[in-house]
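Below: the structure, in structure tokens.
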Amino acid sequence: MVDTEESGMSAKQTLLRTLPADLDPARLPKHVAVIMDGNGRWAQSRGLPRIVGHQRGVDALKNLLRCCDDWGIGALTAYAFSTENWGRPLEEVDFLMTLFERVLRQQLREMMAENVRIRFVGHLETLPPSLQSEIERAMAETQGNTGIQFTVATNYGGRQEIVEACRAIAQQVRQGSLDPDCIDQTLFSQHLYTANLGDPDLLIRTSGEMRISNFLLWQVAYAELYVTETLWPAFDREAFHRALTSYQQRDRRFGKVRPR
Ligand code: FPP
């Protein structure tokens with residue numbers, strides 16, 4: 001990343017230098033979420049084992065994180081593993097758990113150098129203990145960073161997240177520490193895994209499927225959806241540029257009527 005102070009270049013100039021000229025820097029999403037689908041198909045269409053698709057998927061995710069950071073997008077949330085993904089063949093699940101752990105260990109220094117704050121959301125307690133330790137370490141070491149907020153949904157399910165929030169709120173009511181009249185959308189959001197994160201403005205799904213797949217059910221209420229046929233390992237800067245172009249053509253009214 002460019003040291004703007006020393007080079008005498010303002011942060012805005014840096015942004016404008018890297019952002020494609022046809023994108024309006026004032027109308028970029030603040031938070032992008034992505035369903036990274038199509039790793040297996042990408043690999044199989046090349047005669048490669050599915051796990052190679054997941055390995056290439058990590059590269060695509062790293063590239064997108066860097067691109068968001070370069071273009072001034074403050075938050076990226078990626079769906080790495082759903083509560084339903086445990087139903088995959090055991091060897092694929094084992095491979096993914098080992099991959100997450102290895103990537104975290106290998107990338108921590110780079111994330112520190114690039115000022116990335118990483119956070120994991122999901123039912124983390126049932127992940128392999130060695131992965132949980134790596135997750136805790138990465139979150140603790142990067143929590144003071146001030147750059148892009150990178151959130152990884154792992155063993156994540158939107159319905160489960162909502163149920164867990166309800167249970168936590170109900171317990172407070174039972175203990176007498178919460179008046180049910182005080183339960184509103186803000187309080188509810190604060191009990192989700194994503195408390196204090198802010199909702200995504202843009203949800204991208206690769207590989208053409210038109211589904212939310214239990215991802216951020218509450219949080220995507222007003223997100224713009226963008227589905228591309230591109231398979232996740234092939235999702236590069238050009239593909240992201242196309243997604244942002246589509247986003248900037250949308251008229252976001254949040255249920256209201258635009259004044260004439
Ligand atoms: C969906 O493709 C992809 C996944 C279930 C795994 C995504 C995980 C990564 C890209 C690694 C991220 C790593 C870290 C450390 C955050 P699929 O297998 O469902 O593809 P298919 O639909 O073609 O079968």
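In this text the structure is predicted, and so the values were computed from the model without any measurement. For ligands, and for the atoms within them, numbers begin at 1 and follow the listed sequence.
Scanning all protein heavy atoms for the shortest distance to atom 3 (C) of ligand 1 gives M36 O, 3.1 Å.
Remark: distances from the non-hydrogen atoms of L104 to ligand 1 are all 4.0 Å or more. At least one heavy atom of G38 sits less than 4.0 Å from an atom of ligand 1. The closest approach between any non-hydrogen atom of R50 and ligand 1 is below 4.0 Å. Ligand 1 has A80 within reach: a non-hydrogen atom of the residue lies less than 4.0 Å from it.
Taking each of F100, W232, F81 in turn, the one with a heavy atom nearest to atom 13 (C) of ligand 1 proves to be F100.
Counting heavy atoms under 4.0 Å from ligand 1, residue L231 does not touch it at all. Of all the heavy atoms of R88, the ones lying under 4.0 Å from any atom of ligand 1 belong exclusively to the side chain.
Comment: E164 does not engage R167 in a salt bridge, judged by the lack of any side-chain N to carboxylate O separation of less than 4.0 angstrom. Remark: R41 engages E209 in a salt bridge, criterion side-chain N to carboxylate O under 4.0 Å.
Under the 3.5 Å distance criterion, with hydrogens and angles disregarded, no donor-acceptor pair is assigned to the side chains of D199 and W218.
Residue-environment remark: OH (Y222) stays at or below the threshold of 12 foreign heavy atoms within 6.0 Å.
At a threshold of 4.5 Å between non-hydrogen side-chain atoms, the residues L104 and L108 do not count as touching. A 4.5 Å side-chain heavy-atom check between F120 and N155 finds every atom pair outside the cut-off.
Every N/O-N/O distance between Y79 and ligand 1 stays at or above 3.5 Å. Inclusion of G40 in the set of residues having an N or O under 3.5 Å from an N or O of ligand 1 is warranted.
Contact detail for A223 and P200: the closest heavy-atom pair is CB-O, 3.5 Å.
Atom numbering of ligand 1 starts at 1 in the shown order; those under 4.0 Å from a heavy atom of V152 are 16 (C). Interface atoms of ligand 1 facing R41, defined by a heavy-atom separation under 4.0 Å, are 21 (P), 22 (O), 23 (O). For ligand 1 and V103, the ligand atoms under 4.0 Å from any heavy atom of the residue are 15 (C). In summary, the atoms of ligand 1 found under 4.0 Å from a heavy atom of G57, numbered by their order in the structure, are 10 (C).
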Next item on the list: Report the C-alpha separation of T228 and R242 in whole Å, then their side-chain angles, then the decisive distance to 0.1 Å, and conclude whether the side-chain hydrogen bond (donor to acceptor under 3.5 Å, both in side chains) test is met.
Entry: CA-CA 9 Å; T228 170; R242 285 193 290 277; 5.8 Å; no
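Taking hydrophobic clusters as Ile, Leu, Val, Met, Phe, Trp and Tyr residues chained together by side-chain heavy-atom distances below 4.5 Å, I35 does not share a cluster with L65.
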